[in-house]
Amino acid sequence: MSTIQLSLPGGSPQSFPKGISAKEALEKLAKPVRSDVFAIKVNGIEKDLMGPVDTDGILEPLTFETSEGKEVYRHSSTHIMAQAVKECFPTAQLTIGPAIDEGFFYDFAFERPFTPEDLEKIEAKALEIIQRNLSVSRRELSKEEAIEFFKHRGESYKVELIQGFPEGEPISVYAQGDFVDLCRGPHVPSTGYVKAFKLLNSAGAYWRGDERNPMLQRIYGTSFPSEKELNAHLHKLEEIKRRDHRKLGKELDLFSIQDETGPGLILWHPKGSLIRLVIENFWREQHVAHGYELVYSPHVARLDLWKTSGHVEFYKENMFTPMPVEASEYQLKPMNCPFHIMIYKSHLRSYRDLPLRFGELGTVYRYERSGVLHGLMRVRGFTQDDAHLFCAPEQLAGEVRKVLKFVTFILETFGFTEFHMFLSTRPEKAVGSVEQWDQATQALESALKEGGYPYQEDPGEGVFYGPKIDVKIKDALGRSWQCSTVQIDFNNPQRFGLTYIGEDGKTHQPIMIHRALLGSIERFFGILVENYAGAFPMWLAPVQAKVLPISDKHHDYATQIEKSLRQRGIRVERDLRNEKIGLKIREAEKAKIPIMVVVGDREAETKTVSVRQRNGKNLGTKTVTELMKLILDEIPETVKKEAVFFE
RNA sequence: GCUGGCGUAGCUCAAUCGGCAGAGCAGCGGUUUUGUAAACCGCAGGUCGGAGGUUCGAUUCCUCUCGCCAGCUCCA
């Protein structure tokens, strides 16, 4: 019998008989083997723990702590769910069921949607299957055998999947009890390895994601190695619900979307508008300080403009229907770029003028299918914090570098400190030469590298007119949101015939950069609401302090305090209602006002105030000067007045 | 757009297996003059999302329609 050499990462190799199970080998190499190991990587390839090892190699045990391990665990979990569905509803057909970020799903072809009662039944059955601790085994079949096997079982979707597989390669199936599923694997050794299991919800999903295909019934679930971790996850889901900007937007009276107005169209109420105003003021000041020129453009324009820009050709499905005006047609703008281009074109430009940076908080309207609208996150009318930079090719990398620095500065001010950058390269359907793409992609890459930003490449995810960098931020709950985007465009300069006169006296074509930092003001605002759970930091809080007199004897003093704070530019309100202090505090607390200023006899006599924070902390007695300092100190320097400038 | 669920007072939610629709909070009027998350009493408030249909009678059953929610797809 031949032997093989196996080792742990960084460990010394030992000899084993060829075909030994990974588990046995591991038991000899690592003492003791952790009980939560349920799969293995052999030379970097994920394998079953019970499977044979045939080659020399390094064994890396997999647990739930690794992302690969998590995937295996959830994948096994979804098989358990699928088995439960088949046991409860034998006529349901299997389709696909992958692990996803925080759990798993499985799509079934079934004659009707699953009800919440069905889910309970399925979950109970799944727990029973876990109890049974069925061992999970792998088998390989030829393509023909596999087709025959699943045909026999009435699994026509599986047959369709297998028919799409390459010829000649063996096809693996996994079995646990009577349940057999087509699967690449690996899986946990037995169903009992899944400890905490929960089904979450069900909804329709198209076969292969195509709406022309039949609708399947998708069930979502999640699983963890312990009840404790599962509960923590369920709490997080509750927290997400609690922070939902649609709910908080109503409670805090920030905005509304009304049927009579139209879906996807936002009405900004005074408190929400105030926050927006603070955001926009900050944005404008910083743009001016960073060498941008602010512009304004109309909401509609001749359809011809959108033909020139290529939007009619490439973006039609997202545009509102054009409207006839006199002899021509006008289009509600889905983007701002053509206007900024027209401003560029209004003069003959010299290389000395470049780079030109036109910025605008430009409101655009896009037709979105009704089913995709979602609060402030996905709407039909929104304001982009847009800018278009026109530069010479050699300035490209430098401009991108500056934009990235600007992006992180702005987002950090809003309290986001974790960024993930993505570089998207040439898609299949693209304009421009491969050389142009390479050059632009290199400019983006070098800006990322020079800035020291780690990034991930998204091959083929660029826009048709050029490569781009997307920046995603992480919020307080660890969710990521894409806000900023920096896109290079060599298409539009060409379409619009943009030029500048170079040092050589000849005509050259500038390169355009489209960029947004916050993305959409509506969406970014929604993200802020959820990130802060409605408790905005001092500089954004629509009401920064509320003066609460104990009784109407103290109204004059309260009014006086209010006036002093207002004079220092603090956004302050007072509550002169004939109510007890407890109620006034409760309501100020619910409105998430950062500072409550309680004034009664004691304060009026000593010319002081009693200060309470919205977190319930009582800061005790302060002078008005101390109170003002307290509030103003909480406002970041960069948003106070002067903008910080950096190169 | 598609599949499923939902739509009752400003808000959060009851009820009616077809028979004049109910509570808390908010609002208004009064009493109370209050010390760090809800004082008390009273009043008012709804063509039950909209349009048709079935019925002696529809908020309830049926059809269509609008909107919302969860997904699919798409995306700032």
Side-chain angles (χ1 to χ4, degrees), chain A residues 105 107 110 112-116 200-220 241 244 246-247 250-251 253 256-264 315 317-318 334-336 362-364 366-386 463 470 481-485 487 514-527 548-555 577-591 596-603 610-621:
Chain A
F105 68 77
D107 286 346
F110 192 48
R112 62 171 176 83
F114 293 112
T115 64
L200 298 170
N201 58 318
S202 64
Y206 299 102
W207 169 236
R208 298 191 154 163
D210 190 326
E211 65 192 38
R212 289 165 303 191
N213 286 339
M215 174 77 62
L216 306 173
Q217 302 306 327
R218 174 171 297 181
I219 303 179
Y220 286 90
K241 243 189 223 166
D244 191 315
R246 293 168 299 185
K247 187 169 132 84
K250 200 181 272 178
E251 284 171 12
D253 197 14
S256 64
I257 303 167
Q258 297 176 35
D259 199 2
E260 291 86 336
T261 318
Y315 207 68
E317 66 279 13
N318 277 299
M335 292 194 190
N336 302 303
T363 304
V364 297
R366 298 184 183 175
Y367 170 72
E368 298 285 355
R369 298 162 94 188
S370 56
V372 306
L373 301 173
H374 180 90
L376 296 173
M377 302 302 189
R378 192 79 183 276
V379 295
R380 285 188 176 151
F382 62 99
T383 302
Q384 288 184 306
D385 68 316
D386 212 357
V463 198
D470 288 331
W481 300 97
Q482 196 221 302
C483 294
S484 320
T485 181
Q487 309 179 345
H514 304 244
R515 51 109 282 200
L517 309 183
L518 311 177
S520 129
I521 301 288
E522 284 73 6
R523 188 176 131 92
F524 187 73
F525 178 66
I527 294 168
L548 312 175
I550 298 286
S551 81
D552 53 14
K553 280 188 295 184
H554 316 111
H555 283 186
R577 291 174 308 164
N578 175 14
E579 293 291 352
K580 294 176 86 163
I581 193 68
L583 184 89
K584 293 181 183 180
I585 285 173
R586 178 182 153 82
E587 294 191 353
E589 194 83 54
K590 288 212 307 189
M596 283 154 256
V597 183
V598 178
V599 292
D601 286 336
R602 294 201 293 270
E603 290 78 12
S610 174
V611 182
R612 185 190 203 275
Q613 290 182 160
R614 74 181 149 201
N615 58 15
K617 200 170 159 197
N618 197 334
L619 300 183
T621 308

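Below, read A as the first sequence line, B as the second, and so on, with proteins coming before strands; counting in each chain starts at 1.
- With B/A70, B/G35, B/A38 as the candidates, the nucleotide lying closest to the side chain of A/I581 is B/G35.
- Between A/L619 and A/R612 there is no side-chain heavy-atom pair separated by less than 4.5 Å.
- A/R602 comes within 4.0 angstrom of a nucleotide base, judged by non-hydrogen atoms across all strands.
- For A/E368 against B/A76, a side-chain-to-base donor-acceptor contact under 3.5 Å is present.
- Nucleic acid contact class of A/D552 (heavy atoms, under 4.0 Å, all strands): base.
- Remark: P of B/U12 and NZ of A/K241 are 15 Å apart, rounded to the nearest angstrom.
- Nucleotide B/G50 holds its C1' atom 11 Å from the CD atom of A/E260, rounded to whole Å.
- Relative to the side chain of A/R366, the nucleotides B/A76, B/A38, B/G71 differ in distance, and B/A76 lies closest.
- Listed nucleotides: B/G4, B/G35, B/A70. Nearest to the side chain of A/P113: B/G4.
- Map A/L373 and A/R208 each onto its nearest nucleotide of RNA chain B; the residue landing nearer the 5' end is A/L373.
- A/L583 comes within contact range of the sugar-phosphate backbone alone, with a heavy-atom separation under 4.0 Å but no base atom that close.
- Between the P atom of B/G10 and the CD atom of A/E251 lies a distance of 18 Å, rounded to the nearest Å.
- As the counterpart of B/G27, B/C43 is assigned, both hydrogen-bonding distances of the Watson-Crick or G-U wobble pattern falling under 3.5 Å.
- Contact annotation: the side chain of A/R577 approaches that of A/E587 to within less than 4.5 Å [non-hydrogen atoms, C-beta and beyond].
- Put simply, CG on A/N318 is 14 Å from P on B/G1, counting in whole angstrom units.
- A/H514 and A/D386 share no side-chain donor-acceptor pair at under 3.5 Å.
- No donor-acceptor contact under 3.5 angstrom links the side chains of A/R212 and A/Y206, judged on distance only.
- Between A/Y220 and B/G71, no base-stacking contact is recorded for ring centres under 5.5 Å apart and planes less than 30° from parallel.
- Here A/G582 lies in heavy-atom contact (under 4.0 Å) with sugar-phosphate atoms only.
- As the counterpart of B/C64, B/G50 is assigned, both hydrogen-bonding distances of the Watson-Crick or G-U wobble pattern falling under 3.5 Å.
- Listed nucleotides: B/C72, B/U36, B/A70. Nearest to the side chain of A/H374: B/A70.
- Base contact: A/E211 has a heavy atom under 4.0 Å from a base atom.
- The phosphate of B/A70 (OP1 or OP2) has no side-chain N or O of A/R218 nearer than 4.0 angstrom.
- Closest approach to the A/A203 side chain among B/U36, B/A70, B/C66 is made by B/A70 (side chain taken as heavy atoms from C-beta onward).
- Along RNA chain B, the nucleotide closest to A/A205 and the one closest to A/G519 are compared, and the more 5′ of them pairs with A/A205.
- A/E603 comes within 4.0 angstrom of a base, heavy atoms only.
- Residue A/S610 is classed as a base contact, given a heavy-atom separation below 4.0 Å to a base.
- Here A/R369 lies in heavy-atom contact (under 4.0 Å) with a base.
- Looking at heavy atoms from C-beta onward, A/R380 lies in side-chain contact with A/P263 at the 4.5 angstrom threshold.
- Among the heavy atoms of the strands lying under 4.0 Å from A/D601 is at least one base atom, whether or not backbone atoms are also near.
- Of the candidates B/C2, B/U36, B/A39, the closest approach to any side-chain atom of A/K580 belongs to B/A39.
- Between the side chain of A/R523 and the base of B/A76 there is no donor-acceptor pair of N/O atoms closer than 3.5 Å.
- Residues A/T621 and A/S610 have side chains that never bring a donor and an acceptor to within less than 3.5 angstrom of each other.
- Of all non-hydrogen atoms in A/D107 and A/R218, the two that sit nearest each other are OD1-NE, 2.7 Å.
- Proximity of A/K250 to the phosphate of B/U12: a side-chain N or O atom is located under 4.0 Å from OP1 or OP2.
- Nearest to the side-chain atoms of A/R246 among the listed nucleotides B/U12, B/C69, B/A39 stands B/C69.
- Base engagement by A/N618 is indicated by at least one non-hydrogen atom pair under 4.0 Å involving a base atom.
- Using a 4.0 Å heavy-atom cutoff across all strands shown, A/E579 reaches at least one base atom of the nucleic acid.
- On a pure distance criterion of 3.5 Å, a polar donor-acceptor pair joins the side chain of A/R378 and the base of B/C74.
- The side chain of A/S551 lies closest to B/U33, out of B/A70, B/U33, B/G71.
- Looking at the side chain of A/Q482, the nearest of the listed nucleotides B/A38, B/A37, B/A76 is B/A76.
- The residue A/V364 sits apart from the nucleic acid: no heavy atom pair falls under 4.0 Å.
- A/I585 has its side chain within reach of A/M596: a pair of non-hydrogen atoms, C-beta onward, lies under 4.5 Å apart.
- With distances taken from any side-chain atom of A/P263 to the nucleotides B/A70, B/C68, B/C75, the minimum falls on B/C68.
- Residue contacts shown for A/G209 are limited to sugar-phosphate atoms, with no base heavy atom under 4.0 Å away.
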